[in-house]
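These notes concern the structure reproduced below.
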Amino acid sequence: MTEMLIKAEGLSVHFTIGSGLFNKQILKAVDNVTLDIEKGSFFGLVGESGSGKTTLGRALLKAVPIAEGSAHYEDGEVSYDLQSLEGADLKDYRKRAQLIFQDPYAALSPRMTVRDIIAEPLEVMGLTKNRTETDERVREIAAKCRLNLEHLRRFPHAFSGGQRQRISIARALVSGPQFVVADESVAALDVSIQADVLNLLKQLQDELGLTFMFISHDLSVVAHTCDHVAVMYLGRLVETAPTRKLFAAPRHPYTKALFSAIPSLDPDDRGKAQKLEGEIPSPTNQPSGCKFHTRCPYAIDVCKTTEPQLETETDHEVACHRWKELMDAVPA
Ligand SMILES: Nc1ncnc2c1ncn2[C@@H]1O[C@H](COP(=O)(O)OP(=O)(O)OP(=O)(O)O)[C@@H](O)[C@H]1O
Ligand SMILES: [Mg+2]
């Protein structure tokens, strides 16, 4: 049986923006998200900018408060309800769940040596007894992240983007986490270096039995890396599936539009696929019904009035009133 490490049910994250009595608005950055992340998997989360990917990742790391719904972490004997997690259990969770930062240029303090950057989480969390033990742990994880141990005494400015990203990865993994959220970890890098970093993450996943949530704008990156993909739009999940199924036959018009933005990945390579037009609506003023209807070429009346729920009967889940009809209409 497959074991789930992370389970979210009806998870919502709200931000209050604006000030004063009349200007305050609630922004639903994550809205009623239900998902399971299998232990040991590489779970991809894609969607346009502002769709709520980072916020969902942060909610699963308990880095932002959950407004509604629940999120659970389960690993063997350990079972945490993230909503109520506090004290020693929260401290333990900080060790088990980590973030790899988005931008390796911004994330690393220029005044700390590589050794100190990697060692900091151990010291903050009090995970090692003395400097010798800390150094040992730092060297061990640096080697796993294919960093040259001679470089531990240097400062981050001496390194290229790819090497800096390895330093960020080592820092995230030094506490021995099980669950790692990698937020656009390769987006700031050159394509060839991106591939190296992705390969490293895959190797680390294998060697250390890690579970990744991999956040990306880029479906082609997700294709090569992830076992399972969730597509997000305006805080909602619109489609989730094993990568192979999603790429063979995407069901949601939004997913299809994301694919057609990348010609080499377009499953409907006859140029008929809809290009994504228009801007993502403001999250403080969301459309009624299906949130995608304002940009969807297939929207009909019901899409404007009734929000489609994620159909969860199979492992290929989709939230669209018309997906079946549309699949039938397009010959395979
Ligand atoms: N701390 C915050 N306070 C107020 N609003 C926020 C906050 N963080 C995020 N938001 C808003 O929540 C929505 C989702 O943002 P989020 O950063 O999660 O999107 P994203 O999918 O990660 O986008 P990107 O691809 O650009 O990183 C956006 O409308 C954003 O402006
Ligand atoms: Mg983001």
Side-chain angles (χ1 to χ4, degrees), residues 6 8 10-20 23-35 37 42-69 71 82 97-107 165 168-169 172 179-189 194 197-198 201 212-223 225-226 228-240 246 252 254-255 257-259 261-262 276 278-287 291-292 294-295 310 319:
I6 298 283
L11 184 72
S12 298
V13 177
H14 299 168
F15 294 115
T16 309
I17 54 170
S19 57
N23 284 329
K24 266 196 193 143
Q25 282 184 302
I26 299 288
L27 187 155
K28 295 183 176 176
V30 174
D31 190 9
N32 196 14
V33 164
T34 295
L35 62 80
I37 301 180
F42 220 105
F43 187 98
L45 186 60
V46 296
E48 286 168 288
S49 184
S51 55
K53 305 178 299 294
T54 296
T55 307
L56 176 56
R58 292 179 67 209
L60 298 179
L61 295 173
K62 200 175 162 79
V64 63
I66 294 170
E68 284 162 10
L82 300 194
Q98 282 286 337
L99 175 72
I100 298 177
F101 287 104
Q102 182 154 21
D103 178 357
Y105 288 92
Q165 192 54 270
S168 291
I169 295 170
F179 177 51
V180 180
V181 175
D183 192 351
E184 302 274 8
S185 300
V186 295
L189 303 173
Q194 278 188 24
V197 171
L198 281 172
L201 291 181
F212 275 99
M213 176 181 238
F214 187 81
I215 297 176
S216 181
H217 285 95
D218 190 342
L219 271 169
S220 53
V221 171
V222 168
T225 324
C226 298
H228 211 94
V229 181
V231 181
M232 214 170 170
Y233 187 75
L234 268 181
R236 293 275 191 160
L237 292 190
V238 296
E239 183 163 2
T240 83
L246 189 89
H252 200 286
Y254 179 61
T255 316
L258 288 180
F259 274 113
I262 316 169
L276 197 51
E279 293 278 306
I280 193 163
S282 157
T284 51
N285 185 17
Q286 299 197 3
K291 301 205 187 307
F292 188 55
T294 54
R295 298 168 80 192
L310 204 61

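In each ligand, atom 1 is the first atom listed, and ligand 1 is the first ligand listed. For this chain, numbers begin at 1 and follow the sequence in order.
In this structure, T294 and P281 approach most closely via the heavy-atom pair OG1-CG, 3.8 Å. Taking both residues in full, the closest heavy atoms of A71 and L60 are given as CB-CD2, 4.1 Å, listed atom of the first, atom of the second, then distance. In terms of heavy-atom proximity, E68 sits nearest to H14 at OE2-CE1, 3.9 Å.
The atoms of ligand 1 that sit less than 4.0 Å from any heavy atom of S51 are 19 (O), 21 (O). Listed by number with element, the atoms of ligand 1 under 4.0 Å from a non-hydrogen atom of T54 are 17 (O), 18 (O), 20 (P), 22 (O), 27 (O). Residue contact check: E48 has heavy atoms under 4.0 Å from atoms 21 (O) of ligand 1. Of all atoms in ligand 1, numbered sequentially from 1 with element shown, those under 4.0 Å from a heavy atom of P283 are 29 (O). Atoms of ligand 1 found under 4.0 Å from any heavy atom of G52, numbered from 1 in the order shown, are 14 (C), 16 (P), 18 (O), 19 (O), 20 (P), 21 (O). Atoms of ligand 1 lying under 4.0 Å from at least one heavy atom of S49, given by number and element, are 23 (O), 24 (P), 25 (O), 26 (O). Atom numbering of ligand 1 starts at 1 in the shown order; those under 4.0 Å from a heavy atom of G50 are 13 (C), 14 (C), 19 (O), 20 (P), 21 (O), 23 (O), 24 (P), 26 (O), 28 (C).
Using a 4.0 angstrom heavy-atom cutoff, M232 does not count as in contact with ligand 1. Heavy-atom separations between G47 and ligand 1 are all 4.0 Å or longer.
Look at T55 and the Mg ion (ligand 2): no N/O/S atom of the residue is under 2.8 Å from the metal.
Test L56, I66, T54 against V30 for side chain to side chain contact (heavy atoms under 4.5 Å, CB included) and you get one pass: L56.
Between F214 and F43, the distance separating the two ring centers is not shorter than 6.0 angstrom.
S12 places a side-chain N or O within donor-acceptor distance of the main-chain N or O of N32, the cut-off being under 3.5 Å.
D218 and S220 form a side-chain donor-acceptor contact under 3.5 Å, judged by distance and modelled atom types alone. A donor-acceptor pair shorter than 3.5 Å cannot be found between the side chains of E239 and Y233.
Here the shortest heavy-atom distance to atom 18 (O) of ligand 1, taken over V13, T55, V46, I17, belongs to T55.
At a heavy-atom distance under 4.0 Å, only side-chain atoms of L27, from C-beta outward, approach ligand 1.
Going from atom NZ of K291 over to atom OG of S51 covers 13.5 Å, rounded to the nearest 0.5 Å.
Looking at H217 next to ligand 1, an N or O pair under 3.5 Å apart turns up.
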